[in-house]
Number of protein chains: 2
Amino acid sequence: MLSVDPVILGMIAMYPASGYDMKIELEKGGAGMFSALTFGSIYPRLSALENEGYIVSFAADNQGRRRMLHELTAKGWQALADWLTEPPAYPLPMRDELLLKLSFWYSGRGDDRATLIAHLERRRQQSRELLHYLEAWPKNGFSYISEYSMIALNYARTRLEAELRWIEETITQLEFPPKGPEQDPRGLAQRIRERRAAAYGVAGQPDPTAQRGDEHSTAVEPYRA
Amino acid sequence: MLSVDPVILGMIAMYPASGYDMKIELEKGGAGMFSALTFGSIYPRLSALENEGYIVSFAADNQGRRRMLHELTAKGWQALADWLTEPPAYPLPMRDELLLKLSFWYSGRGDDRATLIAHLERRRQQSRELLHYLEAWPKNGFSYISEYSMIALNYARTRLEAELRWIEETITQLEFPPKGPEQDPRGLAQRIRERRAAAYGVAGQPDPTAQRGDEHSTAVEPYRA
DNA sequence: AAAAACATGTAACTCGTTACATGATTTG
DNA sequence: CAAATCATGTAACGAGTTACATGTTTTT
């Protein structure tokens, strides 16, 4: 039972679907906010799930074009119900390049606030678009949306709205002058600038001697809880 | 340049660190909110990054215990700065089992609201703990936290607070009776119950005949935008 | 004296993605 | 009639995880 399997079973549970249907549904629909599948993982799993008795597959006529539909067996319905009953794993960490870049920003770019504002404005644009798409989806007159899907949708909406507020506040803050570190008992901010300058060399050219071991004598105690 | 590489370079940029340091720092520190690394990916990449000239490694005496520290070269500092300048990829989709389960909840568990409330209460507990940990971190008197790391931390805090509010609202809603689907123009809610009943069989035992292709004649039009 | 934490590293494995292959039908 | 879309499938690849192997030092 791979992690994609419950998604496949869940999609089929809504209606007997083809592999292609599932891909499209996830791209355009609600569950796609929380998972994505590629054909390369869908089709092999459909075969496996059929071999293991979770689904049955049958050809459906699609005016000449071949089309394989899949339906859950009793075992498949049971597996889905069991998976839903299992306590969901806590999503950790929140993989997000923007946040990761923020964590390392000072070390790598110092007080280059302009580039960071550009990143944030791009993100604002993307999140706004996603929010609009997501608000339109339950009103498209087509998709099946249960009370529970709507709750999931509410989560995504709430999260995006909070993100947009954070972006506004952050851009405002970045338009003011830099504030200096929030906490820096070991004076790392200063040391980072010095180490970078040493690596590049005083005249701006790379300095090969700055790469020998002995120069790194300013060892920093790592954090131990 | 693998996706873990900028994280390694970013950690080293803060202070010359060992592979072990990075693992611990990510587990206990701020960047760990947004990325995790295992030894199996750290050590091989440290060798590779040294071979490619991004870092230099040197033995540091750690009272008898061996310890390899790593420092950025000019090329390494430059690679980090370049990576930070690149527009960050939009994090899509938000992989979250709880949300995925909500999407499929009705199909698999019908109106079993008790189990769902249990999931939400568990999540509330975990998110509260993370929030408390995360609020304590910038006051531990040790970690280096730049203005920008603090902004990332603010994001995580904002997001968790929004999530906790959503959990409260959702639990309250789930204590009321079920509402029925938000949007269901094809009558799928009804069909799902019928299909599940057919798969299990009327008497509760699995019905093998319900698994033949012909019975699935109630084909549902897939969504096409 | 044992267990936990410190510290580095390798090899096998697993899962998912990318790229490729094929072919029918609809649309411009 | 060419291009886009529909539709299914396979094979190679890649990147990260898990498990294993090894040895030291500190804590209980």
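The chains referred to below are lettered A, B, ... by the order of the sequence lines, with proteins before strands, and numbering in each begins at 1. This one's a predicted model, so the numbers in the text were calculated from it and none came from an experiment.
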Report the nucleotide, chosen from dT8(C), dT18(D), dT8(D), that has the shortest atom-to-atom distance to any side-chain atom of Arg67(B). dT8(C)
Give one of base, sugar-phosphate or nothing for Gly19(A), where a contact means two heavy atoms less than 4.0 Å apart. sugar-phosphate
Given atom CG of Leu2(A) and atom P of dT17(C), what is their separation to the nearest angstrom? 12 Å
How many Å lie between CE on Met22(A) and P on dA7(D), as a whole number? 13 Å
Does a side-chain N or O from Thr38(B) land closer than 4.0 Å to OP1 or OP2 of dG16(D), or not? no
Quickly work out the Arg66(A) CZ to dT8(D) C1' distance and round it to whole Å. 4 Å
Return the orientation label for the Phe39(A) and Tyr20(A) ring planes: parallel under 30°, perpendicular over 60°, tilted otherwise. parallel
If I take atom CZ in residue Arg95(B) and atom C1' in nucleotide dG16(D), what distance separates them, rounded to the nearest angstrom? 14 Å
Under 4.0 Å between a side-chain N/O of Ser47(A) and OP1 or OP2 of dG9(D), yes or no? no
Less than 4.0 angstrom between a side-chain N/O of Ser41(A) and OP1 or OP2 of dC15(C), yes or no? no
Full working for side-chain contact (heavy atoms from CB on, under 4.5 Å) between Met14(A) and Phe104(B): CA-CA 8 Å; Met14(A) 293 200 191; Phe104(B) 300 130; 3.5 Å; yes
Closest heavy-atom pair and its distance - Ala156(A), Leu134(A): CB-CD1, 3.8 Å
Asp5(B) CG - dA15(D) P separation (whole Å): 10 Å
Rounded to whole angstroms, how far apart are CG on Leu46(B) and P on dT8(C)? 9 Å
So what does Ser3(B) hit on the nucleic acid, given a heavy-atom distance under 4.0 Å: a base, only sugar-phosphate, or nothing? sugar-phosphate
Below 4.0 angstrom, N of the basic side chain to O of the carboxylate: do Glu163(B) and Arg124(B) qualify? no
Can you tell me if Thr115(B) and Asp112(B) form a side-chain donor-acceptor pair at under 3.5 Å? yes
Length of the line joining Arg65(B):CZ and dA4(C):C1', which is rounded to integer Å: 11 Å
Has Tyr20(A) got a side-chain N or O lying under 4.0 Å from the OP1 or OP2 atom of dT8(D)? no
Gap between atoms NZ and P, on Lys23(A) and dC6(D) respectively (whole Å): 11 Å
